[in-house]
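Contents: one structure, followed by commentary.
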2 protein chains.
Amino acid sequence: MKISGTSLDLSVTDYGITLDPTFTMLEFDGLRVLPVQTDPLIPGHAPPSVAVPVPQQSSMNLCAICADRATGKHYGASSCDGCKGFFRRSVRKNHAYTCRFSRQCVVDKDKRNQCRYCRLRKCFRAGMRKEAVQNERDRISCRREGQAVGTLTIDVLMQAEAFTQNPSQNLMMRDINSKKIACVGDVCESMKQQLLLLVEWAKRIPEFCELSVDDRVALLRAHSAEHLILGVARRSLPYNDIILLGNDFIIPFRGTEQEMSKVAARILEELVRPLKELNITDTEFVCLKTIVFFAPDCPGLQCAQAVRRLRFQAQVLLDESTSEQRGRFGELLLLLTTLQSVAWQMVEQLQLMRLLGKANVDSLLMEMLLGEEATRGPEALPASESNPEPLIFSTATESVLSRGILTEHIPMHNFTSVILPVPSSGLSEDPLLPTHTGPEVFTHGQAADMPTVHTCL
Amino acid sequence: MKISGTSLDLSVTDYGITLDPTFTMLEFDGLRVLPVQTDPLIPGHAPPSVAVPVPQQSSMNLCAICADRATGKHYGASSCDGCKGFFRRSVRKNHAYTCRFSRQCVVDKDKRNQCRYCRLRKCFRAGMRKEAVQNERDRISCRREGQAVGTLTIDVLMQAEAFTQNPSQNLMMRDINSKKIACVGDVCESMKQQLLLLVEWAKRIPEFCELSVDDRVALLRAHSAEHLILGVARRSLPYNDIILLGNDFIIPFRGTEQEMSKVAARILEELVRPLKELNITDTEFVCLKTIVFFAPDCPGLQCAQAVRRLRFQAQVLLDESTSEQRGRFGELLLLLTTLQSVAWQMVEQLQLMRLLGKANVDSLLMEMLLGEEATRGPEALPASESNPEPLIFSTATESVLSRGILTEHIPMHNFTSVILPVPSSGLSEDPLLPTHTGPEVFTHGQAADMPTVHTCL
DNA sequence: CATGAAAGGTCAAAGGTCAT
DNA sequence: CATGACCTTTGACCTTTCAT
């Protein structure tokens, strides 16, 4: 049902439209097709999963640059004809625009022509690649598939977050004065709760569940300390000079045990304060958390490439969520180095307190925070030699974490409990496990009263 | 998808439509021209209607407003450039004209400028629609120079980098096979050289020189290990499974001392490899280096806010340098967490080797990499307690670094020497120094044969 | 051989420029 | 400042290529 009518251009044909004779484009002016960027990682990775049906009408039909109606994929991004033409012209003529403002112009259907710099930039950010613009007349056979960024979505992340959050704290922030100051035991208890929640959070992410058991365990172990710090920092955002734990205890800026106060001060100063200044949104937070979570460098990862892709997706999601404010994305990402540093210090502090007998560190904390040599006495000091990198563990030997990683989702009954219920008995055997020939094999039988990563999964 | 068969309106409307003559200017605003009630847009191709009577040349070639020669259809009416521009300006600026006569002025080529009220009214009557006037667009002329976020520029950073690079390595990468495998001493020697170059690099950045001495020392100390790793990773980019030191020794992937091989493997796997895949540019590299350098969280910083701003600028510069590839900026920034982690491990390794007597760590390395307690015997093991964060030092007590930070630039004579010359004697006293009341005060007199941060500055 | 997604091209009608 | 001759950019519409 097209307008088959060939262009018998009757209408106003000849009203002397003096067609501009100098209309020639300065073809090839400075055209330089980039030196074949060996398309780095981040390839398409067609969704191999089972159910990824709905391609989202909204996102597929809308131009990723200006939100006008899209006419298909062009140069790697779903876009309208206008942005398609604009991108081609810009690349062909090797245009270098400049923004008259502060390079954070809004680019939508109405305003897309107001700043070419910001429009072109958004084209690139939306996934357009200049390599996809072909040379003038000829056509290159390359039918490269544009990268479908991935399957990770903000929605899924936000839901996972909602499922694993303590609603009572969210709804009413009761008077701070009524809360008790945490002792070391309270802190450890809170950490344990939060780690269990982290496991539950991860299980809500389909892409995580598709990984192998070993990889899931490795990811959960790798950066758990950072998740604890990140979570506590976010929870403390509404308050001043106070850290609010997940179990409703608080750590004041000053006035706790000496050991805690150092870390607490850094959390407040180096994390809570910048996050307050940035006024981080929920969306941004879950993206950050996901970026931390899918750490491709953590040792023992079989499928590091898949994890890298997932982090890439999360990173791009964050970028897209923050595009309004110049420099915001970078500031948020740079907080991750601070987060890593603080988490490190916390782990060292915890390690020390355990060795000094000041803290009772149970097996889950041992496994996820201090390394896997849990259930041992504090005989071996993990000095520089034995554990040069506290946050990243050498291999994914099975242990507490290994058990239960295959467990089904446990519905959180009305969110009333902060602690996750211990996985229902049943399937305790995991035939897949002993892939690794870890030097030490432990057997943890006390899953009921001593949750571990494996039992939680 | 396609335009549904629109009601074929025979484009060539009759503008003669005499509209209510009592229109006031303000009424024009809401004016809905009757004649053309068809889809106004749809330019170009004519609907496949039957046979539209060929429009009168006269009406098509003549401006419907002033009867000047028309240049096409504009805003819905065949018109000349003058009336086109007049209409656009009037609508854009929302001009409200008034007729000084009786709103019956003749509007023709000669008199069209005599009454704006009547001219605009005639525009509307001829079928021009104010809706067809679009928003203001971007400027075409590109004479405007984009404003910078701050004072930091890529150029300055690139120059600083060029000044402090070993040109011999850059020009010809001689056969790798001829290079010797580094022993621990070679590594330490290379590190020392590179740290001196780092100081020199920093001094080439005006914004750095404007900081206080204490802050300069703090910055130089804070992340020097990361700079060493970053530098060595970049230098090793052209090779495979080999780390190339600044003094031309190499560290193979396997086959060195056990202590080095761990860190070396991580450098190759977690840094060199991703950097190769990303194919990092020189511009991007200096931005990354600058981001690492201006670390606002490093302790003892007086002017943390200024440093934060500088890092922000560097971060935005990197963003703009990478905007052509989606996700690239984020991937580069995320490498910094890896960098931090590897650097940490290296420091711990170095610390350990020093304690075991395997490495001879001189005072500059002590100060910049291991903390400031240099020139001491290895009596105090910097365990978790004493130095929970190896890369960041607690306070900026004066020491080796403190001396010489005020020294003038030392021209690098033809780049022949890798090592920086020791600052020319002269101004060795620094009256500003003892601001801090550090618990320990050392005096380093051996500036000549034992460079320190202060002596280098 | 037909089909459709995604390249390419066209050009009326927007926009902007800058002596006057 | 406004005008208008002259030039650029935009984007709706259309053709061509190529994998399926």
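Below, all heavy atoms of this structure are taken into account, side chains as well, without hydrogens, waters or symmetry copies. The model shown is predicted, which means the values in this text are computed figures rather than measured ones.
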Atom-to-atom span, [atom1] of [X] to [atom2] of [N] - whole angstrom:
| X | N | atom1 | atom2 | value |
| --- | --- | --- | --- | --- |
| A:H74 | D:dA12 | NE2 | P | 11 Å |
| B:E131 | C:dA13 | CD | C1' | 16 Å |
| A:L120 | D:dT9 | CG | C1' | 14 Å |
| A:K73 | C:dA6 | NZ | C1' | 11 Å |
| B:R137 | C:dG16 | CZ | P | 7 Å |

Considering just the side-chain nitrogens and oxygens of [X], establish if one lies under 4.0 Å of OP1 or OP2 belonging to [N].
| X | N | value |
| --- | --- | --- |
| B:R119 | D:dA2 | no |
| A:N113 | D:dG11 | yes |
| A:Y75 | C:dG8 | yes |
| A:R92 | C:dG8 | yes |
| A:K93 | D:dT9 | yes |

Is any N or O donor-acceptor pair between the side chain of B:R88 and the base of C:dG16 shorter than 3.5 Å?
yes
Give a yes or no on whether a donor-acceptor pair under 3.5 Å exists between the nucleobase atoms of D:dG11, that is its base, and the side chain of A:R112.
no
Candidate pair B:E320 and A:R326, rule salt bridge (charged side-chain N to carboxylate O under 4.0 Å, His left out), full reasoning
CA-CA 10 Å; B:E320 282 160 6; A:R326 162 132 103 141; 2.4 Å; yes
Could you check whether atom CZ of B:R92 has more than 12 heavy atoms from other residues, nucleotides or ligands sitting under 6.0 Å from it?
yes
Can you label the angle between the A:F86 ring and the A:Y97 ring as parallel, tilted or perpendicular, going by 30° and 60°?
parallel
Any Lys/Arg nitrogen of B:R88 or B:D81 sitting under 4.0 Å from an Asp/Glu carboxylate oxygen of the other?
no
Quick one: look up who D:dC1 pairs with, Watson-Crick or G-U, both distances under 3.5 Å, and put none if it's unpaired.
none
